[in-house]
Amino acid sequence: SHIQPSNHLRILRATYAMQHNVPSLNDKSLLKDQTYINGQWVGAKSGKTFEVHDPASGKLIGTMPEMDKEDTEAAIKAAADALPSFRQLTGRQRSKMLRKWYDLMIENADDIAKLITWENGKPIADAKGEVAYAANFFEWFSEEAPRVYGATIPATVAGNRVYTTKEAIGVCGLITPWNFPAAMITRKVGAALAAGCTVVAKSPGETPFTAAALAELAHRAGIPPGVVNIVTAMKNTAEVGSTITASNTVKKVSFTGSTGVGKLLMKQSSDTLKKLSFELGGNAPFIVFDDADLDVAVTGAIASKFRSSGQTCVCANRLYIQKGIYDDFAKAFTEKVKNFKVGSGYAEGVTHGPLIHDRAVNKVEAHVQDAIKQGGKVLVGGEKMPNLGSNYFQPTVIRDMTEKMVLAHDETFGPVAGLFPFDTEAEVVRQANDAEVGLAGYFFSKDVQRCFRVAEALEVGMVGINTGLISDPAAPFGGVKWSGFGREGSKYGIDEYMTIKMVTLGGM
Ligand code: NAD
């Protein structure tokens with residue numbers, strides 16, 4: 001029988017775990033050093049592994065299989081073998097599996113959050129928020145699965161009857177980044193499984209343990225072998241990617257990551273003419289008009305700019321503040337940033353964690369240095385934090401930003417808020433749209449006509465008005481321009497994994 005450990009024992013265990021850099025999971029079997037293919041826990045055929053490090057301490061977390069072409073082909077074959085029977089299930093049957101997977105994620109939310117904090121670095125409260133958000137995609141798509149409707153269409157040819165059905169597209173390749181180790185995967189897998197597809201997901205090299213824990217829960221949820229396969233790789237990432245794109249068995253690739261890798265995958269996919277959906281980089285404008293509620297705008301900016309230390313694709317990157325409210329905004333915003341506590345995501349009271357690795361820190365530093373050189377004034381922060389470790393950068397606010405600065409055109413992906421002054425609505429809309437990418441955009445105003453006008457004028461896939469947080473499983477997520485195409489979540493998300501079949505019956 002299961003004996004509850006005493007408090008004393010629990011504290012001892014927790015201390016041990018901290019000293020050994022191991023989060024004390026309630027369910028230790030959620031921590032893996034193998035990956036999940038065809039319903040089995042396996043290593044790479046070559047026997048190779050790669051190391052994963054905790055971004056907060058730099059310490060070794062563990063290893064995962066360094067998979068290659070051969071392993072990826074085995075995963076694709078497993079997905080292909082599982083497809084015929086899985087796509088035959090009713091939507092209701094697949095719905096129940098997704099719902100069970102959702103329930104298991106909620107039951108194990110604390111453990112999954114610990115894994116996320118451990119390998120990604122975000123504070124544990126943010127990690128818990130991610131688990132809830134991630135699980136919601138399974139819940140949402142479990143509800144969509146039984147509601148995939150076709151249409152009956154009045155034919156223009158006399159005597160014909162026309163109708164459509166939607167069919168699962170087939171085996172899907174899913175490639176996701178490290179910044180949301182759970183949610184980026186569930187957002188794709190939930191929709192794919194609801195549609196009746198089977199998947200080969202390449203988990204991010206930086207954050208493979210969360211993905212493995214999700215696979216363990218898929219297994220417990222009774223999802224049949226071969227339906228969900230996870231390929232892990234670090235050094236061999238490009239080889240795994242090109243195996244997926246070259247495969248004629250894989251009918252669709254859904255990718256979330258940088259614009260550069262998106263372009264490469266699109267080229268690679270041309271020979272096999274895959275259906276694609278891409279969620280790529282952003283460079284979100286965040287506009288505060290003179291007529292905005294200052295407190296609401298400051299709160300929105302804190303949430304949008306500094307969530308996950310600025311490492312989300314919908315993070316505000318360029319903050320445009322109208323001149324009448326500029327000084328007040330700068331002051332109130334900077335005060336809030338001064339109250340942040342930076343440190344390990346597990347530590348008490350920490351609001352902001354490390355960045356993912358030192359390359360990210362160096363990019364942030366380069367953006368800050370460039371802004372300073374060109375006349376930007378640092379109101380708070382501006383430097384690395386070597387006393388905490390090599391992956392930390394101070395939450396930073398810089399005023400007097402100009403369009404010539406690198407930060408105006410390149411996604412910083414870090415905890416730096418640059419404040420750009422502007423005069424008129426026309427001027428700020430032009431600046432906001434002066435970007436190759438167009439993912440999210442935000443603005444704050446109490447003028448209802450302006451709200452409609454600016455929402456329509458922004459060249460982005462998602463607009464937040466008087467809010468800095470827009471992600472919702474019920475709402476379509478995606479971009480325009482070089483932020484990609486396709487939508488995730490919502491009633492549209494499932495269509496990305498289906499094809500429409502038209503049937504004409506003649507001779508009536
Ligand atoms: P990245 O493009 O380097 O990597 C993303 C994923 O692609 C990782 O799993 C990586 O291992 C894999 N990858 C890299 N090279 C590959 C290749 N040649 N073939 C196949 N797979 C390959 O991006 P990143 O630096 O890890 O993530 C940050 C970027 O992702 C930012 O630009 C951010 O805006 C973007 N992002 C976008 C969204 C969105 O929904 N639009 C969400 C999160 C992150």
Side-chain angles (χ1 to χ4, degrees), residues 50 52 55 64 66-69 72 119-120 122 130 133-134 137 173-188 200-208 210-211 230-247 250 253-269 274 276-284 307-317 355-357 359-360 363-364 410-414 435-440 460-462 470-471 475-489 493 496:
F50 65 91
V52 181
M64 270 291 188
E66 181 74 80
M67 297 196 137
D68 59 16
K69 184 165 189 270
T72 309
E119 60 184 4
N120 166 283
K122 67 179 72 176
E130 180 183 344
Y133 176 59
F137 285 104
L174 313 177
I175 303 175
T176 53
W178 47 264
N179 63 345
F180 288 89
M184 294 301 98
I185 293 176
T186 59
R187 193 156 83 174
K188 297 185 192 307
V200 174
K202 195 210 74 75
S203 71
E206 295 85 350
T207 60
T210 304
I230 313 265
V231 176
T232 51
M234 181 71 102
K235 224 170 63 216
N236 293 348
T237 289
E239 180 177 330
V240 170
S242 61
T243 306
I244 290 172
T245 53
S247 165
V250 177
V253 166
S254 178
F255 169 69
T256 297
S258 59
T259 297
V261 173
K263 289 182 181 180
L264 176 73
L265 294 176
M266 189 163 185
K267 278 193 198 120
Q268 287 179 186
S269 296
K274 284 190 208 327
L276 301 172
S277 24
F278 285 168
E279 308 276 2
L280 308 177
N283 179 358
R307 192 162 58 108
S308 295
S309 297
Q311 302 175 109
T312 88
C313 52
V314 291
C315 269
N317 200 50
L355 302 191
I356 191 72
H357 42 47
R359 293 193 305 287
K363 182 178 186 188
V364 170
D410 191 10
E411 186 186 30
T412 308
F413 231 58
E436 282 162 343
V437 292
L439 192 60
V460 294
M462 298 171 283
I470 53 174
S471 297
F477 191 104
V480 298
K481 295 160 85 176
W482 286 9
S483 293
F485 40 78
R487 291 295 178 267
E488 298 199 286
E496 303 286 336

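One-based numbering along the sequence shown. Just so you know, ligand 1 is whichever comes first in the structure, and atom 1 is the first atom listed for that ligand.
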- [ ] Would you kindly specify which portion of F413 sits under 4.0 Å from ligand 1, judged on non-hydrogen atoms: side chain, backbone, both or neither?
- [x] side chain
- [ ] Examine the proximity of ligand 1 to K202 and report which part, side chain or backbone, both or neither, has a heavy atom under 4.0 Å away.
- [x] side chain
Open item on the list: Nearest non-hydrogen contact with atom 6 (C) of ligand 1 belongs to which option: N317, T176, V261?
Closed with: T176
Task: salt_bridge(E488, K188) N-O dist < 4.0 Å - done: yes
Open item on the list: Among all protein heavy atoms in this structure, tell me which lies nearest to atom 39 (C) of ligand 1, with the distance rounded to 0.1 Å.
Closed with: C313 SG, 3.1 Å
Task: Proximity flag F477 to ligand 1, non-hydrogen atoms under 4.0 Å - done: yes
Open item on the list: With a heavy-atom distance limit of 4.0 Å, tell me whether E206 approaches ligand 1 through its side chain, its backbone, both, or neither.
Closed with: neither
Task: Nearest non-hydrogen protein atom, atom 1 (P) of ligand 1 - done: S258 OG, 3.5 Å
Task: Nearest-neighbour protein heavy atom for atom 20 (C) of ligand 1, which is reported as residue plus atom name and distance - done: G241 CA, 3.6 Å
Task: Heavy atom of F278, distance to ligand 1 below 4.0 Å - done: no
- [ ] Check G262 against F255 and note the closest heavy-atom contact, atom names and distance.
- [x] N-CE2, 3.5 Å
Task: L439, portion touching ligand 1 at heavy-atom distance under 4.0 Å - done: side chain
TODO: Select the closest option to atom 27 (O) of ligand 1 among G484, G486, G260, P177, judged by heavy-atom distance.
DONE: P177
Open item on the list: Is the terminal nitrogen or CZ of K263 (NZ for Lys, CZ for Arg) located under 6.0 angstrom from the six-membered ring centre of F278 and within 45° of that ring's axis?
Closed with: no
Open item on the list: Could you check whether atom 15 (N) of ligand 1 has a protein contact, counting only heavy atoms that fall below 4.0 angstrom?
Closed with: yes
- [ ] Do me a favour and list the nearest non-hydrogen protein atom to atom 22 (C) of ligand 1 with residue, atom name and distance?
- [x] T237 CG2, 3.3 Å
Open item on the list: Within the structure provided, determine whether P204 and T176 are in side-chain contact (heavy-atom separation under 4.5 Å).
Closed with: yes
Open item on the list: Any heavy atom of G282 closer to ligand 1 than 4.0 angstrom?
Closed with: yes
Task: Part of N179 with heavy atoms under 4.0 Å of ligand 1, whether side chain, backbone, both or neither - done: side chain
TODO: Just need the protein heavy atom nearest to atom 34 (O) of ligand 1, so name the residue and atom and give the distance.
DONE: E411 OE2, 2.6 Å
Open item on the list: Can you report which non-hydrogen protein atom sits closest to atom 25 (O) of ligand 1, along with the distance?
Closed with: W178 NE1, 3.7 Å
Open item on the list: Residue-level breakdown please: for L265 versus ligand 1, do any non-hydrogen atoms fall below 4.0 Å on the side chain, on the backbone, on both, or on neither?
Closed with: side chain
Task: Least distance between heavy atoms, N120 atom then I356 atom - done: O-CD1, 4.0 Å
- [ ] Answer with yes or no whether R187 contacts ligand 1, where contact means a heavy atom under 4.0 Å from a ligand atom.
- [x] yes
- [ ] Would you name the heavy atoms of E66 and N236 that are closest together and state the gap between them?
- [x] OE2-N, 3.0 Å
Open item on the list: Using a 4.0 Å heavy-atom cut-off, which part of I175 comes near ligand 1: side chain, backbone, both, or neither?
Closed with: side chain
TODO: Among all protein heavy atoms, pick out the one at the shortest distance from atom 7 (O) of ligand 1; state its residue, atom name and that distance to 0.1 Å.
DONE: F255 CE1, 3.2 Å
